[in-house]
Structure formats: structure tokens, C-alpha cells
Amino acid sequence: MSPSDTSGDAILVAVGWPYANNHLHAGHLAGAYLPADIFARYQRMRGARVLMVSGSDSHGTPVTVRAEQEGTTPEAVFHRYHQSFLDTFKGFGISFDLFTSTDTPNHIEVTQDLFRRMLAQGDLYEADQELLYDATAGRFLPDRYVEGICPKCAFDGARGDQCDNCGSTLDALELINPRSKLSDATPERRKSRHFFLRLTAFTERLTQWIEQPEHADWRPHVRNFTLGMLREGLIDRSITRDITWGVPIPLEGYESKRIYVWFEAVIGYLSATKEWNATNGTPEAWRDWWTDPKARTVYFIGKDNVPFHTVIWPAMLMADGGLNLPTDVPANQYLTMSGSKASKSRGGVVWLPDYLERYEPDPLRYSLAAAMPETNDADFTWAEYVRRNNDELVARWGNLVNRVLTITRRNFDDCVPEAPATLAPESLALLDRVDVAFDSVGADYDRVQMRRALSGAMEVAQGANQYLDARAPWQAVKADRDHAAETLYVALNAISGLVTLLNPVLPFTTQRAWEYLGHTGEVGAAGWQRMPVVSGTVLPEPGPLYRKLDDSVVAEEEARLGL
RNA sequence: GGCAGGAUAGCUCAGCGGUAGAGCAGCGGACUCAUAAGCCGUUGGUCGCGGGUUCAAAUCCCGCUCCUGCUACCA
């Protein structure tokens, strides 16, 4: 269903904003974009009015630094990766209604509007801040851009925010012999006037909100982490920086400063909703997602983003007044790559544009969904990818489709056979099992338990294989043609249900299977139910849904990773 | 340091109070429609260590060991 069709319940699928300083990798897909897409596809199928939005986070120090290194502008860096993101999402079928950026007039306007109102209400205030300044690079340094000797353990190499040796959380001003990571210069202390978010004023309201009974089933790592932050005490944070690449402060005399990304990027969820509705001729309809208390707003992010989505953004929404707070923030844990953490800055990563040059999107979607880091960090290995592709997609599911279509077309004149008026008990049992799966698998998708949903659907596929084996239509077709006809008719109908059940995870290949069954249109448009396969329908010639991968792929890809 | 999660069959993991499970790998079998796929059977574990609660603990409580992550002025 289109977000413009107002008949369904409104669900905002809000997805974390990727930082436009590099391409996306498999960790991004597993952590946020894939679960969001599966969820959105499922909700659309069951008739919800889904609006799925995100955009490039175009601002921030690393973008500026990268631009300087390359001798180009921050805009150029941002545009390059923004385009890369769009290509990647298209290639993997991540079905955004809108993927915009923080570099739009609309976003700047929405941000500045909220800034002004929060300032007027006293939720923001001005104060001096002492910071480290790199005179060589001509820039104030974020804590992470400063290194020095740890004041607690004397480790030389501690970063300004944290010492990797003893684990202490630091203030960059405490470092002994600080040096800039940008220029190696010794930074100097300078005062600068900034705006602060009065987070401390929201502690009580945030705590009450998190402790509401309907939030009891939030993922433990999200809920407990948030409660821990609230218990330990929030700290007012400065939300402006001495930089020139970012959203301008809407006041006179602040031309050398910008609103900082962590304050501004989360506003993107709201500004993107407004942008989509303005573009589609319904400028007031953004309220259906943001002010209707029945709307759900679900945020798909990696766990490193939790504080911004369960504390800072909710506080900003409370400050605004009438906007919906997050319904759920099903943050994922990390995807590790052959045992080590996937990272944009380090190597050992499966880059998504690179992947798409060699492989189809669905097998990676499948592998990542089957081992999604929902409760723990999950490890991605190429060996497991190849195994899942070959054993599960090719052998169990793809082969099921292929074998049934092949026998049917060969023996029944390329048509769906006639079924008897009364089906055998095992035939009814299989179809019933498929139909029941729509409830259980659907509930799992709805709860963002993608691993469970997928394994539930795949168990039904296995059941279909067992059914076929028990009734052996390849033999029956010689002795008892009606028996074989029933088997194939039932199997085709079971496959039809499976196509729909699997479509949120495997949108490309299930669409092809859908057409092999003689259906027309899109799987996603047919609703969350088993589409009957009708006797007499002509079945087109099928092709393999998946390609079997040779074991040598494992060694090749591991070599690329530098393992 | 604080917080969270984990430690279960060779491997990847599920189970989270009631006689140890799945997939893969291994072994055996019947079949042959299918991308030599599918199906059936089977080998294999004192569920990290030590205490405790209970008629009963992988499952709850306490302590310990090891692993991973997060710890909001990169996002």
C-alpha cells in the first residue's frame, strides 16, 4: 500500500542516517537497513500505511576532514557517498519511500524552527566552553581527535574521550601532553561560546516514559542501557560547534558556528516525513505519523546509536510538545566479520557496492536475516554465506520450487492440475500449516524477530519437501494420475504461500517465483495471505532462483578481506 | 571502572523450571521429480567453574573465570 492511501494504520519506519563519508558495508545492512526493510515490506503487505524514511547525514567533522585530505569540498564528499547509498539501496531492494539528506532547505528549516522554539522555551541555553584548538589545522578538536597520556594509567595513546588501555572515560582537557590527530600539533585551550541542550531537565519525564508498561518488551540492551544512563544522571551537552559545514544557527553573530550533527540529524526523521508529504501534495499529512496517537514510530539503528534515539531525541520531542515519542527502538547489535568488528575505518569489511558486482542481493539478505544480530553480536563468514546459499536457498527452497514446477509442467501440459473435490488429510495438513504460518511468521516480523520469522518460514518449506517425498508424484503420475495431480496442486499452493511468507526477506527471487506460479502483479501487493494457485493456469518456463556457489568463493572472498 | 550480552554436540546457534534440541559436518538407508538437490535413520554433550533455592535447574539466586560490545563533546 502506498503511504498516500489513508485506510491503513500509520507506521513510520525510521532508519538511522548513514554518515556520508564512506560506502556502506554488510554491517550497516544487517544492523539497520535490512531489518527496517523486512519490517516495512511486511507491514505494507498486511495493509499498514508505511512511511519508511532516512537520508544521508551530510555534516560532521569526518566529512570535512576527508574533503581536506582529498583536496575537495565537504559537499563533494557528501554527494559522492549519497549517490553510493542510493545505488546500494536500489541494488538490495531497501524500499525507502524517501531517502533524503540533511543538506536540504527543508531539513535546515525544520531544524532551525525547533532550535528557535527550544531556545525560547529555555530548553537550550548559552554558555562558554573550554576546548582544545589546533592552530595548525585551524580548527577546534573533537575529543576523539586528540591523543595523549592517560591521567589515570599513564598510557601514552589515550584518546580524548576514552583511554583504550584502562577504559576510563576522559575529558580531552585532562590528557597529559595532548597532540592533535589532525596535525600532530600541540593543541591550545580556547574558550568558545556554545548552545547547550538542557537534558538534565528531562530526566524525570524520560524515566517515566521508559518505564511505561508498553516499553517492558523493548530489547533488554536498549531499555537497560537507557535506564542506566538516566540513573547515572544526564549531562547537558553542547549542540553547536565551531565549524562551517552544517546547519547554520538561526541567530545573528554566529556565522562561524553550526548546529552539531547529533542534535540535527535526528530531526531528519521529522523533516523527511514533511518532505515526503510536501512532495506528494499532502503537506499536512505528516501529522498522521507524528501527532496521531495511534501511529507507530519504530526506529531501526545500530546499538551505538541508542542514546540519541532513547534519550536525546525523545527529550527533543518532549520539548516540541505534540510529537509522538518512539514506539520502539529495536536496535541491533553488531555484525562481526570473521570474528572482528565491522568498521568503516578499518578493513575486513564486505562493501555493499563491491558485493553487488559479483553476487545477487537476495542471498546476502537471507544470510544476514538468518543470523541477524538481534540479541547478540553475530558473526558473518563467507563460509556460512556459501553454506546458507547452497544448503538453504538452493537446496531446500529453490529446489522445492524448481522440482514441483518441472514435474508439473512435464506431466500436466504446462498447466496447474485439477484437484479432487476432497483433499487427502496430509494435503489439508500442509496447506493448513502454510496458512497458520501467516499468523506466526507475521507476528515475528511485527516484533522485529527476523531470525525467528525466517526459520519459521523455512520449516514450512521443509514440510513441503517432506510432503512431496511421502506422496512421490513422480511415481504416482504413472499409476495414479489423480493422486499426482492432487500432490502437485497442493504443492504449488503451498509454494505460493511460501513465496509471500518469504517475500519480505527475499523480494527479488520471490517475485520471480510468483510469476513462475502464473501469478501477475507484485507479490507485495497481494496481501498477507496465501494467494491460491488455480487449476488450469498456464505455468511459464521457470529458471533457477538461486545459483549454487562453489566452495572456492570462500577463499576468494576471504582473500579480498585480507584474512 | 560501570552497564549489557554471551559461555549448550566438531562448527553455527535455539531452548531459559519438568526425562538435553536444530542446521551443518560424520555415519547408514530407501528413493530418483529436481541446480547430485530432497527424504528417513543415526553417532556425538556430566548445557564455563563453584555454591545455593526447589520434588525437579541448561533454565532461578550468589560467587568466580573467560569472551564481546556499549560507556552519550566521530556519528
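In this text the structure is predicted, and so the values were computed from the model without any measurement.
Between the NE2 atom of A/H221 and the C1' atom of B/U68 there is a distance of 13 Å, given to the nearest Å. Here B/G23 presents its P atom at 15 Å from CG of A/L454, a figure rounded to the nearest Å. Remark: P of B/C13 and CE of A/M450 are 20 Å apart, rounded to the nearest angstrom. The nearest whole Å value for the distance from the CG atom in A/D236 to the P atom in B/A72 is 16 Å. A/Q333 places its CD atom 10 Å from the P atom of B/C70, with the value rounded to the nearest Å. Remark: C1' of B/A72 and CH2 of A/W262 are 8 Å apart, rounded to the nearest angstrom. A straight line from CD of A/E374 to P of B/C13 spans 14 Å, rounded to a whole angstrom. Atom CD of A/E384 is separated from atom P of B/G23 by 14 Å (rounded to the nearest Å).
The side-chain hydrogen bond (donor to acceptor under 3.5 Å, both in side chains) analysis of residues 222-235 of chain A, with sequence neighbours excluded, yields the pairs A/T226-A/T310. Evaluation of the salt bridge (charged side-chain N to carboxylate O under 4.0 Å, His left out) test over residues 397-415 of chain A, restricted to residues two or more places apart or in two chains, returns A/R409-A/D414.
Contacts between residues 224-234 of chain A and RNA chain B, defined by a heavy-atom separation under 4.0 Å, are made by A/N224, A/F225, A/M229, A/E232, A/G233, A/L234.
Across all strands, A/R237 comes closer than 4.0 Å to base atoms (heavy-atom distances). A/I235 comes within contact range of at least one nucleobase, with a heavy-atom separation under 4.0 Å.
Looking only at side-chain heavy atoms (C-beta outward), A/E374 and A/N332 come within less than 4.5 Å of each other.
Nearest-nucleotide positions on RNA chain B for A/R387 and A/A378 put A/A378 closer to the 5' end.
In this structure, A/R481 contributes its side chain and A/N411 its backbone to a donor-acceptor pair below 3.5 Å. Judged purely by atom type and a 3.5 angstrom limit, A/H107 has no side-chain atom pairing as donor or acceptor with the backbone of A/S101. Under a 3.5 Å cut-off, the side chain of A/Y19 and the backbone N or O of A/S56 do not form any donor-acceptor pair. Side chain of A/T203 to main chain of A/L230: no donor-acceptor pair is present (N/O by atom type, distance under 3.5 Å, no hydrogens or angles). In this structure, A/D236 contributes its side chain and A/T200 its backbone to a donor-acceptor pair below 3.5 Å.
Distance check on atom P: B/U53 versus B/G1 gives 31 Å, rounded to whole Å. Only the C1' atoms considered, B/A7 is 14 Å distant from B/U12, to the nearest whole Å. B/U65 and B/A25 are spaced 31 Å apart, taking the C1' atom of each and rounding to whole Å. Taking atom P on both nucleotides, B/C70 is separated from B/A9 by 27 Å, rounded to a whole Å. Only the C1' atoms considered, B/G17 is 13 Å distant from B/C61, to the nearest whole Å. Comparing the C1' positions of B/A20 and B/U46 gives a spacing of 11 Å, expressed to the nearest Å. Taking atom C1' on both B/G6 and B/A14, the two are 14 Å apart, rounded to the nearest angstrom. With both ends at atom P, the span from B/C27 to B/G69 equals 37 Å, rounded to whole Å.
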Please enumerate all protein N or O atoms sitting under 3.5 Å from an N or O of nucleotides 32-40 of chain B, with distances to 0.1 Å.
{"unit_1": "B/U32", "atom_1": "OP1", "unit_2": "A/Q475", "atom_2": "NE2", "d": "2.8"}
{"unit_1": "B/C33", "atom_1": "O3'", "unit_2": "A/R410", "atom_2": "NH1", "d": "3.3"}
{"unit_1": "B/C33", "atom_1": "O2", "unit_2": "A/R403", "atom_2": "NE", "d": "3.1"}
{"unit_1": "B/C33", "atom_1": "N3", "unit_2": "A/R403", "atom_2": "NE", "d": "3.4"}
{"unit_1": "B/C33", "atom_1": "N3", "unit_2": "A/R403", "atom_2": "NH2", "d": "2.6"}
{"unit_1": "B/C33", "atom_1": "N4", "unit_2": "A/R403", "atom_2": "NH2", "d": "3.1"}
{"unit_1": "B/A34", "atom_1": "OP1", "unit_2": "A/R410", "atom_2": "NH1", "d": "3.4"}
{"unit_1": "B/A34", "atom_1": "OP1", "unit_2": "A/R410", "atom_2": "NH2", "d": "3.3"}
{"unit_1": "B/A34", "atom_1": "O3'", "unit_2": "A/N402", "atom_2": "OD1", "d": "3.1"}
{"unit_1": "B/A34", "atom_1": "O2'", "unit_2": "A/N399", "atom_2": "OD1", "d": "2.7"}
{"unit_1": "B/A34", "atom_1": "O2'", "unit_2": "A/N402", "atom_2": "OD1", "d": "3.1"}
{"unit_1": "B/A34", "atom_1": "N3", "unit_2": "A/N399", "atom_2": "OD1", "d": "3.4"}
{"unit_1": "B/A34", "atom_1": "N3", "unit_2": "A/N399", "atom_2": "ND2", "d": "3.0"}
{"unit_1": "B/A34", "atom_1": "N3", "unit_2": "A/R403", "atom_2": "NE", "d": "3.3"}
{"unit_1": "B/U35", "atom_1": "N3", "unit_2": "A/Y546", "atom_2": "O", "d": "2.6"}
{"unit_1": "B/U35", "atom_1": "O4", "unit_2": "A/L545", "atom_2": "N", "d": "3.0"}
{"unit_1": "B/U35", "atom_1": "O4", "unit_2": "A/Y546", "atom_2": "N", "d": "2.9"}
{"unit_1": "B/U35", "atom_1": "O4", "unit_2": "A/Y546", "atom_2": "O", "d": "2.8"}
{"unit_1": "B/A37", "atom_1": "OP1", "unit_2": "A/K548", "atom_2": "NZ", "d": "2.1"}
{"unit_1": "B/A37", "atom_1": "O2'", "unit_2": "A/A395", "atom_2": "O", "d": "2.8"}
{"unit_1": "B/A37", "atom_1": "O2'", "unit_2": "A/N399", "atom_2": "ND2", "d": "2.9"}
{"unit_1": "B/G38", "atom_1": "O2'", "unit_2": "A/R403", "atom_2": "NH1", "d": "3.0"}
{"unit_1": "B/G38", "atom_1": "N2", "unit_2": "A/D469", "atom_2": "OD1", "d": "2.9"}
{"unit_1": "B/C39", "atom_1": "O2'", "unit_2": "A/D469", "atom_2": "OD2", "d": "3.0"}
{"unit_1": "B/C40", "atom_1": "OP1", "unit_2": "A/Q466", "atom_2": "NE2", "d": "2.7"}

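The heavy-atom pair separating A/A457 from A/L502 by the smallest distance is CB-CD2, 3.7 Å.
Between A/Y334 and B/C70 there is a side-chain N or O to OP1 or OP2 distance below 4.0 Å.
Within the cation-pi definition used here (under 6.0 Å to the ring centroid, within 45° of the axis), A/R219 does not qualify as a partner of A/F225.
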Report task. Starting from the C-alpha separation in whole Å, work towards a yes-or-no answer on salt bridge (Lys or Arg N to Asp or Glu O under 4.0 Å) for A/E360 and A/R547. Result -> CA-CA 9 Å; A/E360 295 297 314; A/R547 178 167 60 99; over 6 Å; no

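Among residues two or more places apart in sequence or in another chain, the side chain to side chain donor-acceptor pair (under 3.5 Å) test is passed with A/S84 by A/H23.
Counting only Watson-Crick or G-U wobble pairs whose defining distances are both under 3.5 Å, the stems of 3 or more consecutive pairs in RNA chain B are B:1-7 with B:65-71, B:10-13 with B:21-24, B:26-29 with B:39-42, B:48-52 with B:60-64.
For the residue pair A/S180 / A/D134, a side-chain donor-acceptor distance below 3.5 Å is found, with atom types taken as modelled.
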